[in-house]
Every structure is written in C-alpha cells, then in structure tokens.
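Take a look at the structure below.
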Amino acid sequence: MSYLDICIMGWNLNALMFVVNFFIAIRTISSQDRTKLQEESLVLKDLKEELDKYYPYRTYSTIFSYLVPFTAFFRMSFRLVEMFFFFQKNQDARMFDYMVFKYASDIQRAREK
C-alpha cells in the first residue's frame, strides 16, 4: 500500500463518519416536535456560545479534522462509544440530554484549566 492509498482510505473513513453524523442529526431532528426543537436549540445555542469563549477555534478544528486522514474517524468513533455508554447509563435520555451533558462537561473542564 502506498501513502496515497492510505490517505484515500483515511479520507473515505472520514467521509463515512460525516455521513453517520449527518444521519444521526437527521434522525434526531425528525423525531421531535418543531416547537420543542426550537426550545432545545436555544438552550444549546447558549451553551455553545459559552463554550466558544473558551475554545474560539473549535469549528475550524472540526473542519480541519475532516481534512486530515483518519482524524475525524477516530474522533467520531470515540464520540459514538461515549454516546453509547451515556445512553446505557441513562436509559430514558435523548440526544438533547447527551448534548447538554457534553457541552456542560466541556465548559466545566475549560473553567478548571
């Protein structure tokens, strides 16, 4: 295998994770009521703005991770495993609950630094 083949495989895995991420988002959005989604969106927007104070280049690092072979694949794989364990521990939780938990824990970790 050449280095180019390895890079192409890494980009393909990154693309797969992008599709999986997109599928999870569409599935979550389609299963909720519109008014409830708007309320949850406002809560997540506030948390995201607070997190952006601590990590202002977080969006760029996410985009960059999809350009570097295998990076988004490993990042999303870790996130999916983390989601799995969160939902195993919290049986009645929804994706919104996980996102609030993740944002809150990241904000708390940034405050402690």
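Numbering starts at 1 and runs along the sequence shown. The analysis underlying the following values was restricted to heavy atoms, covering all of them including side chains, and did not include hydrogens, waters or symmetry mates.
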Look up atom [atom1] in [X] and atom [atom2] in [Y], then write down how far apart they are to the nearest 0.5 Å.
| X | Y | atom1 | atom2 | answer |
| --- | --- | --- | --- | --- |
| Lys113 | Tyr54 | NZ | OH | 12.5 Å |
| Gln108 | Glu112 | CD | CD | 5.0 Å |
| Tyr57 | Asp52 | OH | CG | 11.5 Å |

Val43 backbone acceptor or donor facing Asp46 side chain under 3.5 Å: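 Side chain of Asp46 to backbone of Val43: no pair is present.
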Exam field: side chain Ser65 to backbone Thr62, donor-acceptor pair closer than 3.5 Å: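 Yes; judged by distance alone, with no hydrogens or angles, the pair exists.
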Hey, are the side chains of [X] and [Y] touching, using non-hydrogen atoms and a 4.5 Å cut-off?
| X | Y | value |
| --- | --- | --- |
| Met83 | Leu80 | yes |
| Glu40 | Met95 | no |
| Met17 | Phe74 | no |

Between Glu82 and Tyr98, a side-chain donor and acceptor under 3.5 Å: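 On atom types as modelled, these side chains qualify, holding a pair under 3.5 Å.
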Residue Phe18 excluded, over 12 heavy atoms near CZ under 6.0 Å: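 For Phe18, atom CZ is not crowded (no more than 12 foreign heavy atoms under 6.0 Å).
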Heavy-atom neighbours of Phe101 CZ exceed 12 at 6.0 Å: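 Count not over threshold, so no.
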Does [X] belong to the same Ile/Leu/Val/Met/Phe/Trp/Tyr cluster as [Y], with side-chain heavy atoms less than 4.5 Å apart forming each link?
| X | Y | result |
| --- | --- | --- |
| Leu37 | Val100 | no |
| Trp11 | Ile6 | no |
| Phe22 | Val19 | no |
| Phe87 | Ile29 | no |
| Phe73 | Met1 | yes |

Results of side-chain contact (heavy atoms from CB on, under 4.5 Å) for Leu4 - residues two or more places apart only: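 For Leu4 the side-chain contact (heavy atoms from CB on, under 4.5 Å) partners, ignoring immediate neighbours, are Ser2, Ile8.
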Criterion side chain to side chain contact (heavy atoms under 4.5 Å, CB included) on Leu47 and Met99, from CA distance to verdict: CA-CA 10 Å; Leu47 287 170; Met99 292 174 72; over 6 Å; no
NZ/NE/NH1/NH2 to OD/OE distance under 4.0 Å, Arg109 and Asp106: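 Salt bridge flag = yes for Asp106 with Arg109.
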CA sep, side-chain torsions, deciding dist, call: Phe96, Thr28, side chain to side chain contact (heavy atoms under 4.5 Å, CB included): CA-CA 9 Å; Phe96 172 73; Thr28 302; over 6 Å; no
Derivation of the side chain to side chain contact (heavy atoms under 4.5 Å, CB included) call for Met76 and Tyr66: CA-CA 10 Å; Met76 280 301 300; Tyr66 280 99; 3.9 Å; yes
Other ILVMFWY residues reachable from Val68 by side-chain steps of under 4.5 Å: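 Direct or chained contacts put Val68 with Phe64.
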